[in-house]
Amino acid sequence: MATSAEYAAFVCEQIAPYGQVRSRKMFGEYMVYLEDKPVLLVCDNTVYVKKLPQVSDLLLTAPCGFPYEGAKEHYRQYRTKIVQQMC
């Protein structure tokens with residue numbers, strides 16, 4: 001199931017207080033950019049955060065998953081604090 005445009009817009013609205021936000025549709029899914037940095041991947045109406053050292057302490061107990069076949073494992077929990085730490 002592809003991500004809906006409405007859900008992608010909702011995700012962008014949630015992180016808008018942290019800077020300039022945009023999303024780009026790719027193969028039915030979305031990459032969300034904050035200040036032109038890719039910070040979130042939205043697949044199947046689920047938000048994924050790349051496993052980076054900057055967010056590992058915040059997400060030690062977060063569920064993980066794979067946004068698409070062949071992808072590396074990502075955090076599957078969305079919190080606006082994570083985005084703030086990444087930027």
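Values in this document were obtained by computation on a predicted structure and should not be read as measured data.
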Find out if a path of hydrophobic residues (ILVMFWY) with successive side-chain heavy-atom gaps under 4.5 Å connects Leu41 to Leu52.
no
Heavy-atom pair with the smallest gap, counting every atom of Ala16 and Val21
CA-CG2, 3.7 Å
Among the clusters formed by ILVMFWY side chains lying less than 4.5 Å apart, do Tyr18 and Val32 turn up in the same one?
yes
How many angstroms lie between CG in Leu40 and CG in Leu34, if you round to the nearest 0.5 Å?
8.5 Å
Looking at Thr3 and Glu29, would you say the former's side chain and the latter's main chain have a donor-acceptor pair under 3.5 Å?
no
Carefully, step by step, assess His74 and Lys51 under the rule side-chain contact (heavy atoms from CB on, under 4.5 Å).
CA-CA 5 Å; His74 285 60; Lys51 287 189 167 186; 5.5 Å; no
What do the steps show when you test Met26 against Met31 for side-chain contact (heavy atoms from CB on, under 4.5 Å), and what is the final call?
CA-CA 7 Å; Met26 300 182 298; Met31 178 64 74; 3.4 Å; yes
Hydrophobic clustering (ILVMFWY, side-chain heavy atoms < 4.5 Å, transitive) - are Phe27 and Tyr48 grouped together?
yes
Checking the side chain of Asn45 only, and the main-chain atoms of Ser4 only, is there a donor and an acceptor separated by less than 3.5 Å?
yes
Single-linkage hydrophobic cluster Val49~Tyr7, side-chain heavy atoms < 4.5 angstrom
yes
Atom of Asp36, atom of Arg22 and distance for their closest heavy-atom approach:
OD1-NE, 3.1 Å
Shortest non-hydrogen contact from Tyr75 to Cys64?
CD2-SG, 3.9 Å
Atom of Tyr30, atom of Ser23 and distance for their closest heavy-atom approach
CD2-OG, 3.9 Å
Ignoring hydrogens and angles, tell me if any N or O in the side chain of Gln20 forms a donor-acceptor pair with the backbone of Glu35 under 3.5 Å.
no
What are the two closest heavy atoms between Lys50 and Val55, and how far apart are they?
O-CG2, 3.8 Å
